[in-house]
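Starting from 1, each residue takes its place in the sequence as its number. It should be emphasised that the depicted structure is a prediction, and the values quoted were computed from it without experimental measurement.
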Amino acid sequence: MSKSPRTKGTSVALLKGAPPKKLQGEALGQYATRVIRGAIRSGQLTAGERLREGDVGAWLGISRTPVREAFQSIISDGLMVAGPRHVAMVAELNQNQLLELYFLREVLDGAASELAARLASDAEIDHLLEIAESELAAKDDLGRLAIINSEFHHAIYAAARNRYLTQSLNAVIDTLGLLRYSSAVLPGSIEQARSEHLAIIEAIRDRDGKRADEAARKHVRNALALRMRLLRKDRQASDNADDNNGAERMSEGFLLQNTWHLSN
């Protein structure tokens, strides 16, 4: 699914912290898979970072075998790619994959919101309103906003009461976790997202499935537009850095050439 990423070192920051605890009755392979997936989804592991089986096993207090099982499972989902010598690397998304994922998320989020408009309880709608209020209080904390945004969307998925829809959405969200940073870093994006969240809630509260579907789809389309702006800015910054490096190399070459002429 994804191309091989640029190679970086093992994620020291992740492995230095205390690992999440193993759940009661959870198989070791499932435990390792859950922890690594969670790190990718939360951004603790980013595109190009490498993990060694032995390092992860030592961190989690388990052998390499269940870690290898976790790597294979996550690789099969396209979130990591296999590297040499028992190493797996977090995958990168190209632009075509990004467009495909957002197309799918638009359809799925729209369906979830339409179902929620029909099936959500009054308590679930009140909970959505509480989440929207917490967004306003956390507007200056990007980390907290990311958590609240996840809570908002998962509250809608829960209200939709369709386990297969939720599974599909979680797979898309896991893969989107490969993106390096949130579109919330763009000016005005936080206010726009909150306004769109309120429009979705209002449609669900009014039991208007069609309007909820349209509001959710619009929200995802706008998120994609912001994401594409980020990609363009990132590409421009990379091109500028390459130009600067090229100019520096030319200057170094000029100095070396003239130094050689002066010394001979």
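Ion pairing of Asp208 with Arg211 is present here, as a side-chain N (NZ or NE/NH1/NH2) and a carboxylate O approach within less than 4.0 Å. Salt-bridge annotation for Lys16 and Asp55: absent, with no side-chain N of the basic residue lying under 4.0 Å from a carboxylate O of the acidic one.
Considering every non-hydrogen atom in both Ala32 and Val67, the closest pair reads CB-CA, 4.3 Å. Across all non-hydrogen atoms, the minimal contact from Ala212 to Ala117 is CB-CB, 4.2 Å. Ile148 and Ala138 make their closest contact through CD1-CB, 3.7 Å (heavy atoms, listed as atom of the first residue, atom of the second, distance). Contact record, Leu60 with Pro19: CD2-CB, 3.6 Å, taken as the closest heavy-atom pair. The minimum heavy-atom distance between Ala47 and Leu178, with the atom names listed, is CB-O, 4.1 Å. In terms of heavy atoms, Ala160 sits closest to Leu119 at O-CD1, 3.4 Å.
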>> I'd like to know whether Ile40 forms a side chain to side chain contact (heavy atoms under 4.5 Å, CB included) with Ile74, so could you lay out the CA-CA distance, the side-chain angles of the two residues, the decisive distance to 0.1 Å, and finally the verdict.
In response: CA-CA 10 Å; Ile40 293 173; Ile74 298 170; 4.2 Å; yes
>> Under the criterion side chain to side chain contact (heavy atoms under 4.5 Å, CB included), I'd like the reasoning laid out for Arg34 against Tyr31: C-alpha separation, chi angles, the key distance, then a yes or no.
In response: CA-CA 5 Å; Arg34 175 173 61 83; Tyr31 171 47; 3.4 Å; yes
>> Set out, in order, the CA-CA distance, both residues' side-chain angles and the distance that settles side chain to side chain contact (heavy atoms under 4.5 Å, CB included) for Glu106 and Arg217, then state yes or no.
In response: CA-CA 5 Å; Glu106 179 184 334; Arg217 284 173 173 266; 3.3 Å; yes
>> What verdict does the side chain to side chain contact (heavy atoms under 4.5 Å, CB included) test give for Val90 and Thr46, after you've listed the backbone C-alpha separation in whole Å, the side-chain angles of each residue and the deciding distance to 0.1 Å?
In response: CA-CA 6 Å; Val90 182; Thr46 59; 6.0 Å; no
>> Run Arg207 and Asp122 through salt bridge (Lys or Arg N to Asp or Glu O under 4.0 Å) and show every step you take.
In response: CA-CA 11 Å; Arg207 305 298 180 181; Asp122 290 341; 3.4 Å; yes
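When side chains are defined from C-beta on, Asn170 counts as touching Arg41, because their heavy atoms get closer than 4.5 Å. With a 4.5 Å cut-off on side-chain heavy atoms, Glu100 and Phe103 do not count as touching. Side-chain contact between Val35 and Lys22 is absent, with no heavy-atom pair separated by less than 4.5 Å. The side-chain heavy atoms of Arg229 and Leu226, taken from C-beta on, include a pair separated by under 4.5 Å.
With rounding to the nearest 0.5 Å, the separation of CD1 in Ile190 from NZ in Lys139 is 8.5 Å. Between atom OH of residue Tyr102 and atom CG of residue Leu98 there is a gap of 6.0 Å, rounded to the nearest 0.5 Å. Taken from CD1 in Ile204 to CD in Glu114, the straight-line distance is 11.0 Å, to the nearest 0.5 Å. A distance of 12.5 Å separates CG of Leu128 from CD of Glu133, quoted to the nearest 0.5 Å. Distance check: Ile156 CD1 to His154 NE2 gives 11.0 Å after rounding to the nearest 0.5 Å. Distance check, rounded to the nearest 0.5 Å: CG of Leu23 to CD of Gln30 gives 9.5 Å.
Of the listed residues (Met80, Glu53, Arg50), just one forms a side-chain contact (heavy atoms from CB on, under 4.5 Å) with Val87, and that residue is Arg50.
A donor-acceptor distance shorter than 3.5 angstrom exists from the side chain of Asn94 to the backbone of Asn96, with no hydrogens or angles considered. At least one donor-acceptor pair under 3.5 Å links the side chain of Arg161 to the backbone N or O of Ala159. Without hydrogens or angle criteria, Thr175 side chain to Ala171 main chain gives a donor-acceptor distance under 3.5 Å. Judged by distance alone, with hydrogens and angles left aside, the side-chain atoms of Ser73 form no donor-acceptor pair with the main-chain N or O of Glu69 at under 3.5 Å. Between the side chain of Arg194 and the backbone N or O of Ala132 there is at least one donor-acceptor pair closer than 3.5 Å.
No path of Ile, Leu, Val, Met, Phe, Trp and Tyr side chains, each step under 4.5 Å between heavy atoms, connects Val107 with Leu101, placing them in separate hydrophobic clusters. Transitive grouping of hydrophobic side chains (ILVMFWY, heavy atoms separated by less than 4.5 Å) brings Leu15 and Ile62 into a common cluster. When the side chains of ILVMFWY residues are joined at heavy-atom separations under 4.5 Å, either directly or via intervening members, Ile173 and Leu99 end up in a single hydrophobic cluster.
At most 12 non-hydrogen atoms from other residues, nucleotides or ligands lie less than 6.0 angstrom from NZ of Lys218.
A donor atom on one side chain and an acceptor atom on the other are not found under 3.5 Å apart for Tyr157 and Asn162.
Using cut-offs of 30° and 60° on the angle between ring planes, the pair His153 and His197 is perpendicular.
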